Amino acid sequence: MNTDPRRGLPSVDRLLRALEGRAPGLPGWALREGARRALAAARSALEAGGPPGDPEAQALALAGELARPRPIRVVNASGVVLHTNLGRAVLAPEVAEQVAAAASAYTALELDLASGERGERGAEIATLLRLLSGAEDALAVNNAAGAVLLAVSALARGREVIVSRGELVEIGGSFRIPEILGAAGVTLVEVGTTNRTHRRDYEAALGPRTGAILKVHRSNFALSGFVAEVELPELVALGRQHGVPVVEDLGSATLVDLRAHGLPPESFAPARLESGVDLVCFSGDKLLGGPQAGIVLGRAEPVAALRRSPLARALRLDKLTLAALDATLRVLLAGRAHELPTLRQLLEAPERVAERAAALASLLRKSAPPGLAITLEPTRAPVGGGSLPGFELASTAVALAGAAGAEPLARALRAASVPVIGRVVGERLLLDARTLLPGDEDAIEAAVAGLELDGARDIR
Ligand SMILES: *Cc1c(COP(=O)(O)O)cnc(C)c1O
(Lines give C-alpha, C1' and ligand atoms only; values in the text may rest on other atoms or scores of the structure.)
Protein backbone atom coordinates (compact mmCIF):
# COMPACT_ATOMS: atom_id res chain seq x y z
CA MET A 1 0.00 0.00 0.00
CA ASN A 2 1.26 3.47 -0.86
CA THR A 3 1.39 5.66 2.23
CA ASP A 4 2.81 8.77 0.53
CA PRO A 5 0.85 11.53 2.31
CA ARG A 6 1.04 13.70 -0.84
CA ARG A 7 -1.46 11.31 -2.38
CA GLY A 8 -4.00 12.63 0.09
CA LEU A 9 -3.88 16.08 -1.52
CA PRO A 10 -6.67 16.90 -3.97
CA SER A 11 -6.09 17.69 -7.63
CA VAL A 12 -6.24 21.33 -8.74
CA ASP A 13 -9.67 20.71 -10.25
CA ARG A 14 -11.03 19.08 -7.10
CA LEU A 15 -9.70 21.91 -4.96
CA LEU A 16 -11.29 24.44 -7.33
CA ARG A 17 -14.66 22.64 -7.05
CA ALA A 18 -14.37 22.77 -3.26
CA LEU A 19 -13.80 26.54 -3.50
CA GLU A 20 -16.82 27.14 -5.72
CA GLY A 21 -19.11 29.80 -4.28
CA ARG A 22 -16.65 30.70 -1.53
CA ALA A 23 -14.98 33.54 -3.42
CA PRO A 24 -17.58 35.14 -5.67
CA GLY A 25 -15.49 38.25 -6.46
CA LEU A 26 -12.33 36.42 -7.50
CA PRO A 27 -11.56 35.76 -11.19
CA GLY A 28 -11.22 32.15 -12.30
CA TRP A 29 -7.61 32.53 -13.47
CA ALA A 30 -6.56 33.79 -10.02
CA LEU A 31 -8.37 30.94 -8.24
CA ARG A 32 -6.72 28.35 -10.50
CA GLU A 33 -3.25 29.81 -10.03
CA GLY A 34 -3.88 30.19 -6.28
CA ALA A 35 -4.99 26.54 -6.07
CA ARG A 36 -1.94 25.40 -8.03
CA ARG A 37 0.44 27.33 -5.75
CA ALA A 38 -1.35 26.22 -2.57
CA LEU A 39 -1.08 22.56 -3.57
CA ALA A 40 2.58 22.98 -4.49
CA ALA A 41 3.21 24.53 -1.06
CA ALA A 42 1.32 21.70 0.67
CA ARG A 43 3.37 19.12 -1.27
CA SER A 44 6.63 20.82 -0.28
CA ALA A 45 5.49 20.98 3.35
CA LEU A 46 4.73 17.27 3.34
CA GLU A 47 8.05 16.47 1.67
CA ALA A 48 9.78 18.38 4.47
CA GLY A 49 7.95 16.19 6.97
CA GLY A 50 5.58 18.92 8.17
CA PRO A 51 1.79 19.26 8.12
CA PRO A 52 0.23 20.21 4.75
CA GLY A 53 -1.57 23.26 6.13
CA ASP A 54 -5.00 24.21 4.80
CA PRO A 55 -4.78 24.27 0.99
CA GLU A 56 -8.33 25.65 0.63
CA ALA A 57 -7.71 28.67 2.84
CA GLN A 58 -4.30 29.15 1.27
CA ALA A 59 -5.66 28.99 -2.26
CA LEU A 60 -8.25 31.65 -1.42
CA ALA A 61 -5.63 33.91 0.16
CA LEU A 62 -3.26 33.51 -2.78
CA ALA A 63 -6.04 34.09 -5.30
CA GLY A 64 -7.07 37.25 -3.46
CA GLU A 65 -3.47 38.43 -3.57
CA LEU A 66 -3.14 37.66 -7.30
CA ALA A 67 -6.39 39.44 -8.10
CA ARG A 68 -5.12 42.82 -6.86
CA PRO A 69 -4.04 45.07 -9.74
CA ARG A 70 -0.33 45.94 -9.72
CA PRO A 71 1.41 48.01 -8.63
CA ILE A 72 -0.49 47.88 -5.32
CA ARG A 73 -1.25 51.31 -3.88
CA VAL A 74 0.38 51.80 -0.47
CA VAL A 75 0.67 54.58 2.07
CA ASN A 76 4.24 55.84 2.34
CA ALA A 77 4.59 56.61 6.04
CA SER A 78 8.33 55.95 5.96
CA GLY A 79 9.27 59.62 5.88
CA VAL A 80 11.50 58.91 2.86
CA VAL A 81 10.18 61.19 0.11
CA LEU A 82 11.88 59.36 -2.78
CA HIS A 83 11.57 55.74 -1.73
CA THR A 84 12.84 53.58 -4.58
CA ASN A 85 10.90 50.53 -3.31
CA LEU A 86 7.72 52.61 -3.25
CA GLY A 87 8.07 54.00 -6.75
CA ARG A 88 9.95 57.26 -6.03
CA ALA A 89 8.22 60.48 -7.14
CA VAL A 90 4.42 60.72 -7.09
CA LEU A 91 2.91 62.71 -9.95
CA ALA A 92 0.82 65.80 -9.38
CA PRO A 93 -2.92 65.28 -10.04
CA GLU A 94 -2.88 67.45 -13.17
CA VAL A 95 0.09 65.46 -14.46
CA ALA A 96 -1.77 62.20 -13.85
CA GLU A 97 -4.74 63.62 -15.76
CA GLN A 98 -2.57 64.37 -18.77
CA VAL A 99 -1.28 60.79 -18.66
CA ALA A 100 -4.80 59.38 -18.52
CA ALA A 101 -5.84 61.57 -21.47
CA ALA A 102 -2.88 60.43 -23.57
CA ALA A 103 -3.54 56.81 -22.66
CA SER A 104 -7.12 56.66 -23.82
CA ALA A 105 -6.93 58.53 -27.10
CA TYR A 106 -4.86 58.68 -30.27
CA THR A 107 -2.18 61.36 -30.03
CA ALA A 108 0.01 63.20 -32.56
CA LEU A 109 2.96 61.41 -30.99
CA GLU A 110 5.04 61.36 -34.16
CA LEU A 111 2.96 63.46 -36.52
CA ASP A 112 3.68 67.03 -37.53
CA LEU A 113 0.17 68.46 -37.65
CA ALA A 114 1.14 71.41 -39.89
CA SER A 115 2.69 69.36 -42.71
CA GLY A 116 0.96 66.05 -42.12
CA GLU A 117 4.41 64.47 -42.27
CA ARG A 118 6.11 62.28 -39.75
CA GLY A 119 7.20 64.32 -36.72
CA GLU A 120 9.82 63.77 -34.06
CA ARG A 121 8.68 62.14 -30.84
CA GLY A 122 9.51 64.28 -27.83
CA ALA A 123 10.63 67.33 -29.81
CA GLU A 124 8.75 69.67 -27.48
CA ILE A 125 10.13 67.92 -24.39
CA ALA A 126 13.53 69.11 -25.57
CA THR A 127 12.15 72.65 -25.90
CA LEU A 128 10.71 72.62 -22.38
CA LEU A 129 13.94 71.22 -20.94
CA ARG A 130 15.94 73.89 -22.78
CA LEU A 131 13.70 76.66 -21.49
CA LEU A 132 13.98 75.39 -17.93
CA SER A 133 17.72 74.80 -17.97
CA GLY A 134 19.28 77.08 -20.54
CA ALA A 135 20.91 74.03 -22.17
CA GLU A 136 21.64 74.21 -25.90
CA ASP A 137 19.79 70.95 -26.40
CA ALA A 138 18.18 68.19 -24.37
CA LEU A 139 16.88 64.66 -24.64
CA ALA A 140 14.75 62.41 -22.46
CA VAL A 141 15.02 58.61 -22.43
CA ASN A 142 13.68 55.76 -20.34
CA ASN A 143 15.70 56.34 -17.16
CA ALA A 144 18.97 57.81 -15.94
CA ALA A 145 20.76 54.48 -16.23
CA GLY A 146 19.72 54.49 -19.90
CA ALA A 147 20.85 58.09 -20.30
CA VAL A 148 24.34 57.28 -18.99
CA LEU A 149 24.51 54.13 -21.12
CA LEU A 150 23.45 56.09 -24.19
CA ALA A 151 25.85 58.96 -23.48
CA VAL A 152 28.99 56.85 -23.07
CA SER A 153 28.01 54.55 -25.89
CA ALA A 154 27.32 57.36 -28.35
CA LEU A 155 30.43 59.36 -27.44
CA ALA A 156 33.01 56.72 -26.63
CA ARG A 157 32.03 53.29 -27.98
CA GLY A 158 35.15 51.17 -28.57
CA ARG A 159 37.31 53.61 -26.64
CA GLU A 160 38.20 54.43 -23.03
CA VAL A 161 36.17 56.28 -20.43
CA ILE A 162 38.01 57.73 -17.44
CA VAL A 163 36.30 57.58 -14.02
CA SER A 164 37.64 58.36 -10.54
CA ARG A 165 37.87 55.34 -8.22
CA GLY A 166 35.92 57.39 -5.69
CA GLU A 167 32.97 57.51 -8.11
CA LEU A 168 32.60 53.87 -9.17
CA VAL A 169 29.27 53.66 -7.40
CA GLU A 170 26.43 51.20 -7.14
CA ILE A 171 22.93 52.69 -6.98
CA GLY A 172 19.96 50.62 -5.87
CA GLY A 173 21.50 47.23 -6.44
CA SER A 174 21.55 46.86 -10.19
CA PHE A 175 23.05 50.12 -11.44
CA ARG A 176 26.82 49.83 -11.15
CA ILE A 177 29.06 52.19 -13.08
CA PRO A 178 31.64 49.57 -14.15
CA GLU A 179 28.90 47.29 -15.45
CA ILE A 180 27.05 50.06 -17.29
CA LEU A 181 30.31 51.06 -18.98
CA GLY A 182 30.91 47.43 -19.91
CA ALA A 183 27.43 47.17 -21.38
CA ALA A 184 28.05 50.38 -23.35
CA GLY A 185 31.06 48.81 -25.05
CA VAL A 186 33.65 51.15 -23.59
CA THR A 187 36.75 50.38 -21.55
CA LEU A 188 36.76 51.73 -18.03
CA VAL A 189 39.96 53.44 -17.00
CA GLU A 190 39.97 53.94 -13.23
CA VAL A 191 42.01 56.80 -11.85
CA GLY A 192 42.95 57.99 -8.37
CA THR A 193 42.12 56.13 -5.18
CA THR A 194 38.92 55.51 -3.25
CA ASN A 195 39.32 58.67 -1.21
CA ARG A 196 41.51 60.96 -3.32
CA THR A 197 41.66 61.69 -7.02
CA HIS A 198 43.71 64.55 -8.47
CA ARG A 199 43.93 66.39 -11.77
CA ARG A 200 47.26 64.69 -12.47
CA ASP A 201 45.54 61.28 -12.22
CA TYR A 202 43.18 62.20 -15.05
CA GLU A 203 46.04 63.78 -17.03
CA ALA A 204 48.10 60.60 -16.81
CA ALA A 205 45.18 58.54 -18.13
CA LEU A 206 44.26 60.81 -21.04
CA GLY A 207 45.51 59.49 -24.36
CA PRO A 208 44.64 58.75 -27.96
CA ARG A 209 42.16 56.05 -26.90
CA THR A 210 40.22 58.27 -24.49
CA GLY A 211 36.60 58.67 -25.58
CA ALA A 212 35.19 60.57 -22.59
CA ILE A 213 35.67 61.60 -18.99
CA LEU A 214 32.75 60.60 -16.76
CA LYS A 215 32.01 62.25 -13.43
CA VAL A 216 29.52 60.40 -11.22
CA HIS A 217 27.62 61.82 -8.27
CA ARG A 218 28.01 59.77 -5.09
CA SER A 219 24.28 59.73 -4.73
CA ASN A 220 23.78 57.43 -1.80
CA PHE A 221 26.84 57.86 0.35
CA ALA A 222 29.25 60.56 1.43
CA LEU A 223 33.02 60.56 1.58
CA SER A 224 34.57 62.54 4.36
CA GLY A 225 37.96 62.87 6.01
CA PHE A 226 41.14 62.83 3.92
CA VAL A 227 39.45 63.23 0.56
CA ALA A 228 40.01 65.06 -2.73
CA GLU A 229 38.21 65.12 -6.02
CA VAL A 230 38.47 67.15 -9.20
CA GLU A 231 35.49 69.47 -9.54
CA LEU A 232 33.50 69.65 -12.75
CA PRO A 233 34.89 72.97 -14.12
CA GLU A 234 38.45 71.68 -13.86
CA LEU A 235 37.51 68.41 -15.54
CA VAL A 236 35.82 70.35 -18.33
CA ALA A 237 38.96 72.46 -18.83
CA LEU A 238 41.03 69.29 -18.96
CA GLY A 239 38.65 67.70 -21.46
CA ARG A 240 38.80 70.81 -23.67
CA GLN A 241 42.59 70.75 -23.65
CA HIS A 242 42.57 67.18 -24.90
CA GLY A 243 39.49 67.38 -27.12
CA VAL A 244 37.64 64.86 -24.95
CA PRO A 245 33.95 65.24 -24.00
CA VAL A 246 33.02 65.36 -20.32
CA VAL A 247 29.80 63.74 -19.10
CA GLU A 248 28.31 64.06 -15.65
CA ASP A 249 25.99 61.46 -14.13
CA LEU A 250 24.30 63.70 -11.62
CA GLY A 251 21.75 61.10 -10.50
CA SER A 252 19.18 63.32 -8.84
CA ALA A 253 18.63 66.96 -9.69
CA THR A 254 16.04 69.69 -9.93
CA LEU A 255 15.28 72.23 -12.61
CA VAL A 256 14.20 74.82 -10.05
CA ASP A 257 16.74 76.48 -7.83
CA LEU A 258 16.26 75.18 -4.28
CA ARG A 259 19.72 76.03 -3.06
CA ALA A 260 18.24 78.66 -0.75
CA HIS A 261 16.26 75.86 0.93
CA GLY A 262 19.45 74.13 1.96
CA LEU A 263 19.78 71.78 -0.99
CA PRO A 264 23.38 71.26 -2.07
CA PRO A 265 24.55 73.34 -5.07
CA GLU A 266 25.03 70.33 -7.35
CA SER A 267 21.34 69.43 -7.04
CA PHE A 268 20.44 72.32 -9.38
CA ALA A 269 21.10 70.87 -12.84
CA PRO A 270 21.20 74.17 -14.81
CA ALA A 271 24.09 75.39 -12.66
CA ARG A 272 26.11 72.34 -13.69
CA LEU A 273 25.90 73.48 -17.31
CA GLU A 274 27.69 76.73 -16.49
CA SER A 275 30.94 74.77 -16.34
CA GLY A 276 30.59 74.05 -20.08
CA VAL A 277 30.18 70.31 -19.44
CA ASP A 278 29.12 68.43 -22.56
CA LEU A 279 26.32 66.41 -21.03
CA VAL A 280 24.57 66.17 -17.67
CA CYS A 281 22.32 63.15 -16.99
CA PHE A 282 19.81 62.73 -14.18
CA SER A 283 16.57 60.96 -13.22
CA GLY A 284 13.05 62.12 -13.98
CA ASP A 285 11.55 60.54 -10.87
CA LYS A 286 13.94 61.74 -8.19
CA LEU A 287 14.18 65.40 -7.16
CA LEU A 288 12.74 66.52 -10.50
CA GLY A 289 9.42 65.11 -9.26
CA GLY A 290 8.21 63.58 -12.52
CA PRO A 291 7.90 60.14 -14.10
CA GLN A 292 10.68 57.59 -14.48
CA ALA A 293 12.90 59.05 -17.19
CA GLY A 294 16.49 59.89 -17.93
CA ILE A 295 17.10 63.54 -18.67
CA VAL A 296 20.11 64.61 -20.71
CA LEU A 297 21.01 68.30 -20.91
CA GLY A 298 23.99 69.63 -22.76
CA ARG A 299 25.72 71.08 -25.75
CA ALA A 300 24.02 70.74 -29.11
CA GLU A 301 26.58 68.53 -30.83
CA PRO A 302 26.89 65.72 -28.25
CA VAL A 303 23.11 65.68 -27.67
CA ALA A 304 22.65 65.27 -31.43
CA ALA A 305 25.13 62.38 -31.35
CA LEU A 306 23.01 60.70 -28.67
CA ARG A 307 19.87 61.19 -30.74
CA ARG A 308 21.50 59.48 -33.72
CA SER A 309 22.63 56.45 -31.70
CA PRO A 310 20.72 53.21 -32.38
CA LEU A 311 20.41 52.85 -28.61
CA ALA A 312 18.25 56.00 -28.50
CA ARG A 313 15.48 54.07 -30.23
CA ALA A 314 15.73 51.24 -27.72
CA LEU A 315 15.64 53.68 -24.79
CA ARG A 316 12.97 56.02 -26.06
CA LEU A 317 10.11 57.27 -23.90
CA ASP A 318 6.69 55.70 -24.26
CA LYS A 319 3.76 58.05 -24.82
CA LEU A 320 2.48 57.82 -21.23
CA THR A 321 5.82 58.82 -19.77
CA LEU A 322 6.14 61.51 -22.39
CA ALA A 323 2.79 62.93 -21.33
CA ALA A 324 3.80 62.80 -17.67
CA LEU A 325 7.15 64.46 -18.28
CA ASP A 326 5.59 67.11 -20.51
CA ALA A 327 2.99 67.98 -17.85
CA THR A 328 5.61 68.00 -15.06
CA LEU A 329 7.87 70.36 -17.00
CA ARG A 330 4.93 72.66 -17.74
CA VAL A 331 4.14 72.88 -14.01
CA LEU A 332 7.77 73.88 -13.41
CA LEU A 333 7.75 76.44 -16.26
CA ALA A 334 4.61 77.99 -14.78
CA GLY A 335 6.49 78.58 -11.53
CA ARG A 336 4.30 76.11 -9.62
CA ALA A 337 7.04 73.71 -8.49
CA HIS A 338 5.45 73.37 -5.04
CA GLU A 339 2.48 71.65 -6.71
CA LEU A 340 4.64 68.64 -7.48
CA PRO A 341 4.23 66.26 -4.52
CA THR A 342 7.97 65.55 -4.29
CA LEU A 343 8.92 69.19 -3.97
CA ARG A 344 5.97 69.97 -1.70
CA GLN A 345 7.01 67.19 0.68
CA LEU A 346 10.64 68.22 0.52
CA LEU A 347 9.90 71.86 1.27
CA GLU A 348 7.05 71.61 3.78
CA ALA A 349 7.94 73.38 7.03
CA PRO A 350 8.60 70.98 9.94
CA GLU A 351 5.94 72.81 12.03
CA ARG A 352 3.32 72.13 9.38
CA VAL A 353 4.29 68.44 9.27
CA ALA A 354 4.04 68.34 13.07
CA GLU A 355 0.50 69.72 12.90
CA ARG A 356 -0.51 67.04 10.42
CA ALA A 357 1.07 64.35 12.61
CA ALA A 358 -0.86 65.63 15.64
CA ALA A 359 -4.14 65.56 13.69
CA LEU A 360 -3.41 62.01 12.57
CA ALA A 361 -2.65 60.91 16.14
CA SER A 362 -6.01 62.31 17.33
CA LEU A 363 -7.80 60.54 14.51
CA LEU A 364 -6.11 57.22 15.29
CA ARG A 365 -6.81 57.44 19.03
CA LYS A 366 -10.54 57.42 18.27
CA SER A 367 -10.57 54.07 16.53
CA ALA A 368 -7.40 52.26 17.59
CA PRO A 369 -7.77 48.98 19.48
CA PRO A 370 -7.14 49.19 23.23
CA GLY A 371 -3.56 48.37 24.11
CA LEU A 372 -2.06 50.41 21.28
CA ALA A 373 -0.02 53.32 22.58
CA ILE A 374 -0.12 56.34 20.25
CA THR A 375 2.38 59.15 20.76
CA LEU A 376 4.11 61.83 18.70
CA GLU A 377 7.80 61.66 18.02
CA PRO A 378 10.26 63.96 16.22
CA THR A 379 12.10 62.22 13.39
CA ARG A 380 14.77 62.76 10.77
CA ALA A 381 14.65 60.93 7.48
CA PRO A 382 16.92 60.90 4.43
CA VAL A 383 15.40 62.13 1.17
CA GLY A 384 16.11 58.72 -0.40
CA GLY A 385 16.18 57.52 -3.98
CA GLY A 386 19.88 58.23 -4.25
CA SER A 387 19.33 61.92 -3.55
CA LEU A 388 21.11 64.32 -1.25
CA PRO A 389 23.35 61.98 0.77
CA GLY A 390 23.87 63.24 4.29
CA PHE A 391 20.88 65.58 4.01
CA GLU A 392 18.02 64.78 6.39
CA LEU A 393 14.57 66.25 6.76
CA ALA A 394 13.23 67.07 10.21
CA SER A 395 9.74 65.69 10.60
CA THR A 396 7.20 64.28 13.04
CA ALA A 397 5.84 60.77 13.24
CA VAL A 398 2.94 59.11 14.99
CA ALA A 399 4.60 56.35 17.03
CA LEU A 400 2.62 53.15 17.58
CA ALA A 401 3.58 50.65 20.27
CA GLY A 402 1.90 47.43 21.33
CA ALA A 403 2.83 44.74 23.82
CA ALA A 404 4.05 42.37 21.11
CA GLY A 405 6.62 44.81 19.75
CA ALA A 406 6.92 46.79 16.54
CA GLU A 407 7.55 44.09 13.93
CA PRO A 408 4.10 42.48 14.26
CA LEU A 409 2.53 45.94 13.99
CA ALA A 410 4.55 46.71 10.86
CA ARG A 411 3.54 43.35 9.37
CA ALA A 412 -0.14 43.85 10.18
CA LEU A 413 -0.20 47.33 8.64
CA ARG A 414 1.48 45.99 5.49
CA ALA A 415 -1.30 43.40 5.28
CA ALA A 416 -4.08 46.03 5.41
CA SER A 417 -6.26 46.45 2.33
CA VAL A 418 -4.31 49.65 1.64
CA PRO A 419 -0.90 48.65 3.04
CA VAL A 420 0.73 51.21 5.31
CA ILE A 421 4.54 51.29 5.21
CA GLY A 422 6.08 52.75 8.34
CA ARG A 423 9.53 52.59 9.90
CA VAL A 424 10.44 50.35 12.84
CA VAL A 425 12.63 52.09 15.39
CA GLY A 426 13.29 50.04 18.51
CA GLU A 427 9.95 48.98 19.96
CA ARG A 428 7.92 51.57 18.05
CA LEU A 429 6.45 51.69 14.58
CA LEU A 430 6.81 55.25 13.28
CA LEU A 431 4.30 56.65 10.80
CA ASP A 432 5.99 59.75 9.45
CA ALA A 433 3.60 62.52 8.44
CA ARG A 434 5.96 64.19 5.94
CA THR A 435 5.38 61.67 3.16
CA LEU A 436 1.61 61.30 3.52
CA LEU A 437 -0.54 62.23 0.54
CA PRO A 438 -4.07 63.63 0.71
CA GLY A 439 -6.43 60.80 1.67
CA ASP A 440 -3.73 58.68 3.30
CA GLU A 441 -5.02 59.49 6.79
CA ASP A 442 -8.23 57.57 6.11
CA ALA A 443 -6.31 54.55 4.86
CA ILE A 444 -4.11 54.62 7.97
CA GLU A 445 -7.15 54.93 10.22
CA ALA A 446 -8.75 51.88 8.56
CA ALA A 447 -5.53 49.87 8.84
CA VAL A 448 -5.02 50.79 12.51
CA ALA A 449 -8.68 50.17 13.40
CA GLY A 450 -8.32 46.67 11.96
CA LEU A 451 -5.29 45.75 14.09
CA GLU A 452 -5.67 42.68 16.24
CA LEU A 453 -3.20 43.09 19.01
CA ASP A 454 -1.55 39.98 20.36
CA GLY A 455 -0.82 40.46 23.98
CA ALA A 456 -3.17 43.41 24.29
CA ARG A 457 -4.46 41.82 27.47
CA ASP A 458 -1.01 41.97 29.01
CA ILE A 459 -1.12 45.74 28.82
CA ARG A 460 -4.46 46.28 30.45
C1 LIG B 1 19.68 57.10 -9.34
C2 LIG B 1 20.92 57.20 -10.10
C3 LIG B 1 21.05 56.57 -11.33
C4 LIG B 1 19.96 55.74 -11.91
O5 LIG B 1 18.83 56.47 -12.19
P6 LIG B 1 17.52 55.75 -12.78
O7 LIG B 1 16.65 56.85 -13.23
O8 LIG B 1 16.98 54.96 -11.63
O9 LIG B 1 17.96 54.87 -13.86
C10 LIG B 1 22.24 56.70 -12.00
N11 LIG B 1 23.24 57.41 -11.49
C12 LIG B 1 23.16 58.03 -10.31
C13 LIG B 1 24.36 58.80 -9.81
C14 LIG B 1 21.99 57.95 -9.57
O15 LIG B 1 21.89 58.58 -8.40
Side-chain angles (χ1 to χ4, degrees), residues 71 80-91 125 129 138-153 161 163-184 186 188 197 212-223 229 231-232 235 246-255 263-269 272 277 279-298 306 311-312 314-318 320-322 324-325 328-329 340 342 346 382-391:
V80 178
V81 177
L82 294 168
H83 199 307
T84 296
N85 299 354
L86 304 183
R88 292 192 188 153
V90 168
L91 302 181
I125 290 281
L129 285 169
L139 180 67
V141 295
N142 181 58
N143 57 17
V148 175
L149 177 74
L150 176 61
V152 292
S153 159
V161 173
V163 188
S164 159
R165 289 199 171 89
E167 300 173 5
L168 292 174
V169 303
E170 171 178 310
I171 314 277
S174 55
F175 178 89
R176 309 175 94 194
I177 289 292
E179 287 165 20
I180 289 281
L181 295 187
V186 304
L188 166 64
T197 303
I213 297 173
L214 176 65
K215 183 159 185 67
V216 184
H217 192 262
R218 282 185 286 270
S219 289
N220 48 11
F221 72 107
L223 270 184
E229 68 178 291
E231 295 298 341
L232 193 60
L235 275 188
V246 176
V247 176
E248 180 169 43
D249 174 10
L250 196 46
S252 185
T254 63
L255 289 169
L263 266 66
E266 75 271 15
S267 65
F268 182 47
R272 304 305 279 174
V277 64
L279 299 173
V280 171
C281 309
F282 57 98
S283 279
D285 57 354
K286 294 185 185 170
L287 287 175
L288 181 68
Q292 177 190 305
I295 312 291
V296 183
L297 307 176
L306 266 57
L311 269 183
L315 295 168
R316 76 179 183 187
L317 288 183
D318 78 291
L320 303 188
T321 306
L322 204 135
L325 185 57
T328 302
L329 298 178
L340 301 180
T342 297
L346 202 63
V383 174
S387 299
L388 313 180
F391 184 89

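All residue numbers in this chain count up from 1 along the given sequence. Side chains included, hydrogens not; waters and symmetry mates left out as well; all remaining heavy atoms used. All ligand and atom numbering here is 1-based and tracks the order in the structure. Quantities reported herein were computed from a predicted structural model and do not represent experimental measurements.
- Side chain to side chain, Glu266 and His217 meet the donor-acceptor criterion of an N or O pair below 3.5 Å.
- Judged by distance alone, with hydrogens and angles left aside, the side-chain atoms of Arg218 form a donor-acceptor pair with the main-chain N or O of Gly166 at under 3.5 Å.
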Report each N/O pair between ligand 1 and the protein that falls under 3.5 Å, naming both atoms.
| residue | atom | partner | partner atom | Å |
| --- | --- | --- | --- | --- |
| ligand 1 | 5 (O) | Ser283 | OG | 3.0 |
| ligand 1 | 7 (O) | Ala144 | N | 2.9 |
| ligand 1 | 7 (O) | Ser283 | OG | 2.5 |
| ligand 1 | 8 (O) | Arg88 | NH1 | 2.9 |
| ligand 1 | 8 (O) | Arg88 | NH2 | 3.1 |
| ligand 1 | 9 (O) | Ala144 | N | 3.2 |
| ligand 1 | 9 (O) | Ala145 | N | 2.8 |
| ligand 1 | 11 (N) | Asp249 | OD1 | 3.0 |
| ligand 1 | 11 (N) | Asp249 | OD2 | 2.7 |
| ligand 1 | 15 (O) | Ser219 | OG | 2.5 |
| ligand 1 | 15 (O) | Lys286 | NZ | 2.8 |

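- Note that the NZ atom of Lys286 and the CG atom of Leu250 stand 9.5 Å from one another [nearest 0.5 Å].
- We find the OG1-CG distance between Thr342 and Leu288 to be 8.5 Å, quoted to the nearest 0.5 Å.
- When each of Val296, Ile295, Ile125 is checked for a side-chain contact (heavy atoms from CB on, under 4.5 Å) with Leu139, only Val296 meets the rule.
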*I would like to know whether Lys215 and Glu231 meet salt bridge (Lys or Arg N to Asp or Glu O under 4.0 Å); could you show each step before the answer?*
CA-CA 9 Å; Lys215 183 159 185 67; Glu231 295 298 341; 5.3 Å; no
